[in-house]
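Read the structure below first, then the notes.
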Amino acid sequence: MNNNIRTRFAPSPTGYMHVGGVRTALFAWLLARQKAGQFILRIEDTDQSREVEGSVKHIIDSLDWLGLDYDEGPLPKAQKNNYFQSERLEIYRQYALKLLENGRAYIDPYSQAEIQGFREQATVTKQPFLYRNHRPNNLNTVFAKNQPIRFLSRPQAYQWHDEVMGDMKAGEEAIDDFILIKSDGFPTYNFAHIVDDFEMKITHIIRGQEFLASTPNYLNLYEALEISPPIIASVPPIMNENGNKKLSKRDGAKDILQYREEGYLPEAFINFLASLGWNDGTTKEMFSLKELIQEFSLDRIQKSGARFDEKRLIWLQGLHIRDMDLEKLYRIVSPFNDNPINSHFWPKSAYNNQFDKNYRLKVLKLTQQRLKTFDELDGLSRFFFEDLPVNHDLISNHKQLKKLSSAEIANLLQTSYDEFNKIDDWSFDNIQNALNNLLEITGKKPAELFSLIRIATTESPASPGLADTLELLAKPLSLARIQSHIKSLA
């Protein structure tokens, strides 16, 4: 076995990238980076009828967004340019010819209708369909264009080790003859990936558990080609939120780049992906990319399916936002940058000339600790940049405040106005002292009085800490907004 670790990600360009595929890429990338090896991107485009235009670019853009750089792969980033299977047809043909010459392959003489007849016959007799039971008596091993080439299997029992599933075994009934080269000259996946992995010196294959049933056939082909199999790790599927079936579009599976457009951080998304079926054996939840590279191991991947919980993704996003350097966060949410997100997340009023960067940074620092997603930033910060219309629904829908009459509300606000007006040095400590005094003066609870002051000064049901918010708004604006709310009640 080559001591240089080489892993690969080999998607088909048949549509957008989904979480299952990207998680496979992540695991392969982490292993390669941890061992100072190489991560290869290969495009498996042998099924030309299913190829979707733009899919290759989408694959590359998805990996770029997540920071999963590859050492070899298709242009424009490739060191070589032989990483599309459609460009490697002659290589597969040569391997197939070698199998024909060695008596381990033959020309398939049957039509699709005849093969279907064999299947139906097996159904009637309640026997498993095995193509090898219908091999022609005289095998044709002479290559002919436009005719499929089928592998001549040698059934036997197999035992092998899977880095995730452990020791596995299968009987000879799992072995069958399968197509190597189709009549159009393109190889099947079952053949091409084995040739490619050998040619590209892949040492570790990380793929979904759905390929476990085919592994005995692959082992039979490895023997026929006199190739030593790479190390195999079969990862579990990603399940829907209920955990009762594999995640699909119907369950809310989205295009990976949609998460980018919605403002998710690649660091948070990578952290979330890694936790789908893997953990480091501790209760730790938040990992940086550097930590994941250090801690990742194949033997910590679980055997059962991992539940896709988008609420947990949002929670992890919040952890990463709160841990982020303020200047970096500012660059992400500002429209004056080159990040790939097409829109900014602050209201346009935030960029009026009256608000300089220093003020915006102060607003961002206050809101950072409450953010879970960037689209929350507008609601948590708009009132710092513009006067919002009075919204009495915020009071009438409030659990405590809706019990108060307009006169009671006006009286509480006037008392608050008078207390705030006494403050000479408008600082956090003095504002907090005034708020505490107001609780004693009014006899109200914080959930009641502070919510009322928050609504009057921000016209929002939520904000950063009240004393912090009032300090940044400054005394004149805070008092003016309270007075405006009092007048609206009249």
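Computation of the quantities below employed the complete heavy-atom set of this structure, encompassing side-chain atoms and omitting hydrogens, waters and symmetry-equivalent molecules. The structure displayed is predicted, hence computed values, not measured ones.
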Between Lys201 and Glu72, does at least one N-O distance fall below 4.0 Å, as a salt bridge requires? no
Using atom types as modelled and distance alone, determine if a side-chain donor or acceptor of Thr469 lies under 3.5 Å from a backbone N or O of Pro464. yes
Provide the closest heavy-atom pair for Glu291 versus Met286 in the form atom of the first, atom of the second, distance. OE1-O, 3.9 Å
Does Asp177 reach the side chain of Leu152, with side-chain heavy atoms less than 4.5 Å apart? yes
Tell me, do Ser12 and Ser55 make a side-chain contact under 4.5 Å, heavy atoms counted? no
Donor-acceptor pair, distance only, cut-off 3.5 Å: does the side chain of Gln368 make one with the backbone of Ile321? yes
Using the side chain to side chain contact (heavy atoms under 4.5 Å, CB included) rule, take Asp280 and Gln294 through it: C-alpha gap first, then chi angles, then the decisive distance, then the call. CA-CA 10 Å; Asp280 69 339; Gln294 290 174 343; over 6 Å; no
Verify whether one side chain among Tyr95 and Glu199 offers a donor that lies under 3.5 Å from an acceptor in the other. yes
If every non-hydrogen atom of Gly73 is compared with every non-hydrogen atom of Tyr83, which pair is closest and at what distance? O-CD1, 3.5 Å
More than 12 heavy atoms of other groups within 6.0 Å of Gln112 CD: no
Any side-chain heavy atom of Phe345 within less than 4.5 Å of one from Leu371? no
Where do Phe191 and Leu180 come nearest, in terms of heavy atoms and distance? CD2-O, 3.5 Å
Go through it in stages, so that I can follow the logic: the residues are Trp160 and Tyr218, the test is ring-ring contact (aromatic ring centres under 6.0 Å, His included), and I'd like the CA-CA distance, side-chain angles, deciding distance and then a yes or no. CA-CA 12 Å; Trp160 73 97; Tyr218 301 156; over 10 Å; no
Checking the side chain of Ser460 only, and the main-chain atoms of Ala462 only, is there a donor and an acceptor separated by less than 3.5 Å? yes
side-chain hydrogen bond (donor to acceptor under 3.5 Å, both in side chains) partners of Asp375, counting only residues at least two apart: Thr373
Does the side chain of Thr367 reach to within under 4.5 Å of the side chain of Leu364, using non-hydrogen atoms? yes
Intermediate values then yes/no, ring-ring contact (aromatic ring centres under 6.0 Å, His included), Phe27 and Phe296: CA-CA 8 Å; Phe27 287 173; Phe296 180 75; 5.2 Å; yes
Starting from the C-alpha separation in whole Å, work towards a yes-or-no answer on salt bridge (Lys or Arg N to Asp or Glu O under 4.0 Å) for Asp325 and Arg331. CA-CA 10 Å; Asp325 174 77; Arg331 289 195 298 272; 5.3 Å; no
Counting distance only, does the side-chain N/O of Gln127 pair as donor-acceptor with the main-chain N or O of Ala122 below 3.5 Å? no
Just so I know, are the side chains of Met168 and Thr215 near enough to count as touching, which here means a heavy-atom distance under 4.5 Å? no
Ion pair check, Asp47 and Lys182, cut-off under 4.0 Å: no
What pairs with Glu267 under side-chain hydrogen bond (donor to acceptor under 3.5 Å, both in side chains), at least two apart in sequence or on another chain? Lys328
With a 3.5 Å distance limit and no angle check, can you tell me whether Arg132 reaches the backbone of Ile175 through a side-chain donor-acceptor pair? yes
Indicate the atoms forming the closest heavy-atom contact of His58 with Asp255, along with that distance. NE2-OD1, 2.7 Å
With a 4.0 Å cut-off on N to O distance, would you call Lys284 and Glu295 a salt bridge? no
Non-hydrogen atoms of Gln209 and Pro237 that approach each other most closely: OE1-CD, 3.8 Å
Taking the side chain as C-beta and beyond, is there a heavy-atom pair between His193 and Arg42 under 4.5 Å? yes
Consider only side-chain N and O atoms of Glu90 and Gln94, and report whether a donor and an acceptor are under 3.5 Å apart. yes
Within the 4.5 Å heavy-atom criterion, are Leu276 and Phe272 side-chain neighbours or not? yes
Leu221 CG to Arg104 CZ distance, which is reported to the nearest 0.5 Å: 8.0 Å
Please answer whether the main-chain N or O of Asp167 pairs with a side-chain N or O of Gln159 as donor and acceptor at a distance below 3.5 Å. no
Judged by atom type as modelled, is there a donor-acceptor pair below 3.5 Å linking the side chain of Asp45 to the main-chain atoms of Gln85? yes
Taking NZ, NE, NH1 and NH2 as the nitrogens, is one of them in Lys311 or Glu241 under 4.0 Å from a carboxylate oxygen of the other? yes
Are there more than 12 heavy atoms of other residues, nucleotides or ligands under 6.0 Å from atom CD of Glu210? yes
How about Tyr189 and Glu44: does a side-chain donor come under 3.5 Å of a side-chain acceptor? no
Say you draw a straight line from NE2 of His320 to CZ of Phe287; how long is it, rounded to the nearest 0.5 Å? 9.5 Å
Expected output: side-chain Asn352 to main-chain Gln354 donor-acceptor under 3.5 Å: no
Once side-chain hydrogen bond (donor to acceptor under 3.5 Å, both in side chains) is applied, do any residues pair with Thr125, and if so which ones, sequence neighbours excluded? none
Quick one about Thr188 and Asn190 (side-chain donor to acceptor, distance below 3.5 Å, no hydrogens or angles considered), yes or no? no
Gap separating the OH atom of Tyr351 from the CH2 atom of Trp346, nearest 0.5 angstrom: 5.0 Å
Are Tyr110 and Phe118 close enough that their ring centres sit under 6.0 Å apart? yes
Which residues share a ring-ring contact (aromatic ring centres under 6.0 Å, His included) with Tyr359, sequence neighbours left out: Phe355, Phe385
When you look at Tyr264 and Phe269, which way does the ring-ring contact (aromatic ring centres under 6.0 Å, His included) test go after all the steps? CA-CA 7 Å; Tyr264 282 94; Phe269 200 81; 7.0 Å; no
For the pair Arg312 and Glu285, find out whether any cationic side-chain nitrogen is under 4.0 Å from an anionic carboxylate oxygen. yes
Partner residues of Gln156 under the side-chain hydrogen bond (donor to acceptor under 3.5 Å, both in side chains) criterion, sequence neighbours left out: Tyr158, Glu223
Whether Asn397 side chain and Asp393 backbone form a donor-acceptor pair below 3.5 Å: yes
Sole candidate of Phe178, Tyr131, Tyr106 that passes ring pair (Phe, Tyr, Trp, His ring centres under 6.0 Å) when paired with Phe151: Phe178
Within the supplied structure, the quantity of interest is the number of heavy atoms (other residues, nucleotides, ligands) at a distance under 6.0 Å from Arg322 CZ; does it exceed 12? yes
What's the shortest heavy-atom distance between Leu26 and Leu273, and which atoms? CD2-CB, 3.8 Å
Quiz question: by atom type and distance under 3.5 Å, do the side chains of Asp196 and Tyr92 form a donor-acceptor pair? yes
Leu68 side chain reached by Ser62 side chain, heavy atoms, under 4.5 Å: no
Tell me, which pairs form a salt bridge (charged side-chain N to carboxylate O under 4.0 Å, His left out) where one or both residues lie in residues 147-166, sequence neighbours left out? Asp108-Arg150
Salt-bridge present (Asp71, Arg6; N to O < 4.0 Å): no
Please check this pair: side chain of Thr24 against backbone of Arg207, looking for a donor-acceptor N/O pair closer than 3.5 Å. no
Roughly how far apart are Tyr70 OH and Leu63 CG, rounded to 0.5 Å? 7.5 Å
